[in-house]
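Note that this is a predicted model, so its numbers are computed, not measured.
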Amino acid sequence: MTDTRTTVVVITHNRRPELLRTLDRLAELPERPPVIVTDNASTDGTASAVARHHPEVRLLRPGRNLGAVGRNLAVRQVRTPYVAFCDDDSWWAPGSLSGAADLLDRYPAVGSVTARILVEPDGTEDPIVKELRDSPVPRPDWLPGPALGSFLAAATVLRADAFRAAGGFHPRLWLGGEEELLAADLAADGWWLTYADDLTIHHHPSVVRDSTLRRAHGIRNTLWFTWLRRPAGPALRRTLHLARTVPRDTASLRAFAEATAALPWVLRERRVLPPEVEARLRSLEPAQRDSKARSYTG
């Protein structure tokens, strides 16, 4: 059942074994989607291994580690109406890409569809799935699933034109919670983001990751997004909440220091969201305070 509606985009950096496993799984999908890999300056032989084992994959080599902006580079090459992101340690389940494309075909105001995440090797649901399923964001009656305030890049299919029009991932955020700003800008452009429980992506977390650095970037990027797009009152509340609840360690101090140092460009680029989009984000605040899956503890 070849499906020509969706291209899969993967970014990678020095995870050759995980990436090859992911490409093997993607090659087995009945949809047979085109795949684009951005190799963020790997030094472990990733590019040559992809060329050797998966010559059908389009390989981009920007020559430096672009982080999430590597996805922007790949989406410029996408010629299908939809783009599915996955990480180098995750892969889509058979039929899920077609299912997401069917939803986007059927609901022209939906900009993105996020799938259920199963954590391998045990196949258990990621803790964040319950939060997606129980999202408190108010939704119109026609929306086929829960409305979301953001999305998970490693488990989402988007309209390629909507992604490009919103500007893609911000180059300063690099990696770590980089989706929140783009999600808000998609919503400001009039798109709805939704979760679909019948779509699945598998995630086998890589052991090759710097979780401390990712946590620091996650805190920093949350602060940047908050002051780039939220009104002053909600931005101050969220900042104070983070200051009270993040661990008192070097990573948190680094995050707040980097966020503070960036105030000049943040204020230059500040653009407050429309009231209806801000209302959706306010509806998420109690869930964010209570969230265990999105905690900044590690």
Any heavy-atom pair between the side chains of [Y] and [X] that's under 4.5 Å?
X	Y	result
Thr80	Thr4	no
Ile219	Ser252	yes
Leu242	Phe256	yes
Pro34	Val8	no
Arg237	His241	no
Val113	Leu199	yes
Arg238	Phe225	yes
Phe85	Trp92	no

Of all residues at least two apart in sequence or in a different chain, which pass the side-chain contact (heavy atoms from CB on, under 4.5 Å) check with [X]?
X	value
Asp87	Arg71, Asp89, Ser90, Ala154
Arg64	Leu66
Pro140	Trp142, Leu143, Trp192
Trp174	Asn65, His217, Arg220

Closest non-hydrogen atom pair, [X] against [Y]:
X	Y	answer
Asp44	Arg15	OD2-N, 3.3 Å
Cys86	Thr22	SG-CG2, 4.3 Å
Glu178	Ala68	CG-CB, 3.7 Å

Hydrophobic cluster identity match, [X] and [Y], side-chain contacts under 4.5 Å:
X	Y	result
Leu158	Ile201	yes
Leu148	Tyr107	yes
Leu181	Leu175	no
Phe151	Leu118	no
Val272	Leu182	no

Output, in order, the C-alpha distance, side-chain angles, deciding distance and verdict of side-chain hydrogen bond (donor to acceptor under 3.5 Å, both in side chains) for Ser112 and Thr156.
CA-CA 7 Å; Ser112 75; Thr156 298; 5.7 Å; no
Who pairs with [X] by salt bridge (Lys or Arg N to Asp or Glu O under 4.0 Å), at least two apart in sequence or on another chain?
X	result
Asp24	none
Arg5	Asp3, Asp102, Asp105
Asp39	none
Glu125	Arg116, Arg133

For Asn72, give me all partners under side-chain hydrogen bond (donor to acceptor under 3.5 Å, both in side chains), at least two apart in sequence or on another chain.
none
Residues that Glu56 engages under side-chain hydrogen bond (donor to acceptor under 3.5 Å, both in side chains), provided they are two or more places apart
His54
Yes or no on salt bridge (Lys or Arg N to Asp or Glu O under 4.0 Å) for Glu276 and Arg280, after CA distance, side-chain angles and deciding distance?
CA-CA 7 Å; Glu276 64 274 14; Arg280 295 182 211 172; over 6 Å; no
Begin with the C-alpha distance, continue with both residues' side-chain angles, and end with the deciding distance and a verdict on ring pair (Phe, Tyr, Trp, His ring centres under 6.0 Å) for Phe163 and Phe169.
CA-CA 9 Å; Phe163 177 91; Phe169 293 103; 5.6 Å; yes
One should read off an interatomic distance between Leu228 CG and Arg268 CZ, to the nearest 0.5 angstrom, of 11.0 Å
Step by step, would you call Arg230 with Glu285 a salt bridge (Lys or Arg N to Asp or Glu O under 4.0 Å)?
CA-CA 12 Å; Arg230 305 290 302 275; Glu285 288 178 349; 2.8 Å; yes
Decide yes or no on side-chain hydrogen bond (donor to acceptor under 3.5 Å, both in side chains) for Ser206 and Glu18, but give the supporting numbers first.
CA-CA 7 Å; Ser206 173; Glu18 290 97 331; 2.8 Å; yes
Answer yes or no: is there an ion pair linking Arg21 with Asp88, defined by an N-O contact shorter than 4.0 Å?
no
Quick one: salt bridge (charged side-chain N to carboxylate O under 4.0 Å, His left out) pairs with a partner in residues 242-251, sequence neighbours left out?
Arg215-Asp249
Within a 6.0 Å radius of atom CZ on Arg139, are there more than 12 heavy atoms belonging to other residues, nucleotides or ligands?
yes
When clusters are formed from ILVMFWY side-chain contacts under 4.5 Å, directly or step by step, what else is grouped with Val208?
Val207
